[in-house]
A.B. asks: 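One structure is given below, represented as structure tokens, and several questions about it will come after.
Everything quoted here is computed from the prediction, not taken from an experiment.
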Amino acid sequence: MFTNSNHNGNQKYSQISGYSDSDSDNENPDEDDFIQREIRQQQMMMKEQDEGLEMLGQSAERLSKISLGIHEELGHQDKMLNEMDNDLRLPPPI
């Protein structure tokens with residue numbers, strides 16, 4: 001495993017201490033099982049997050065439609081109030 005260590009223009013990558021290339025050629029099946037379990041767990045978490053984001057997106061879409069309906073209704077009510085205000089300001093017919 002390597003890290004980027006290009007702080008002073010020195011070598012671009014250096015090996016992480018405590019890690020050797022032989023670590024990646026893991027011969028211990030228990031560690032391989034652990035890694036596979038972790039990968040599956042992360043994949044499940046990502047799937048759950050995707051499902052949650054999908055629900056959140058659907059909720060946002062519903063809220064958008066509701067807010068547009070409220071906006072339209074307020075526009076109609078504003079128009080009616082303005083018409084009523086104009087009617088009340090006119091002098092009474094003689």
A.B. asks: Which residue pairs pass the side-chain hydrogen bond (donor to acceptor under 3.5 Å, both in side chains) test when at least one of the two sits in residues 38-52, sequence neighbours left out?
C.D. replies: none
A.B. asks: Holding to side-chain contact (heavy atoms from CB on, under 4.5 Å), I want the full list of residues that pass it with E61, two or more places apart in sequence or in another chain.
C.D. replies: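 With sequence neighbours excluded, E61 shows a side-chain contact (heavy atoms from CB on, under 4.5 Å) to K65, given in chain and number order.
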A.B. asks: Do any pairs count as a side-chain hydrogen bond (donor to acceptor under 3.5 Å, both in side chains) and have a residue in residues 67-79, sequence neighbours left out, and if so which ones?
C.D. replies: E73-Q77
A.B. asks: Return the CG to CG distance between L56 and L63, rounded to the nearest 0.5 Å.
C.D. replies: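 Nearest 0.5 Å value for the CG-CG distance: 9.5 Å.
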A.B. asks: With a cut-off of 3.5 Å and sequence neighbours excluded, list every side-chain donor-acceptor pair involving residues 84-91.
C.D. replies:
unit_1: D85; atom_1: OD1; unit_2: R89; atom_2: NE; d: 3.3
unit_1: D85; atom_1: OD2; unit_2: R89; atom_2: NE; d: 3.0
unit_1: D85; atom_1: OD2; unit_2: R89; atom_2: NH2; d: 3.3
unit_1: N86; atom_1: ND2; unit_2: N82; atom_2: O; d: 3.3

A.B. asks: Sequence neighbours excluded, which residues qualify as side chain to side chain donor-acceptor pair (under 3.5 Å) partners of R37?
C.D. replies: none
A.B. asks: If you link ILVMFWY side chains whenever their heavy atoms are less than 4.5 Å apart, which other residues fall into the same cluster as I70? By chain and number, please.
C.D. replies: I66, L74
A.B. asks: Can you list the residues that meet the side chain to side chain donor-acceptor pair (under 3.5 Å) rule with S64, with sequence neighbours excluded?
C.D. replies: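 Scan of S64 (side chain to side chain donor-acceptor pair (under 3.5 Å), adjacent residues dropped) gives none.
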A.B. asks: When Ile, Leu, Val, Met, Phe, Trp and Tyr are grouped by side-chain heavy atoms lying under 4.5 Å apart, directly or through other members, which residues fall in the same group as M80?
C.D. replies: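 Same cluster as M80: nobody, lone residue.
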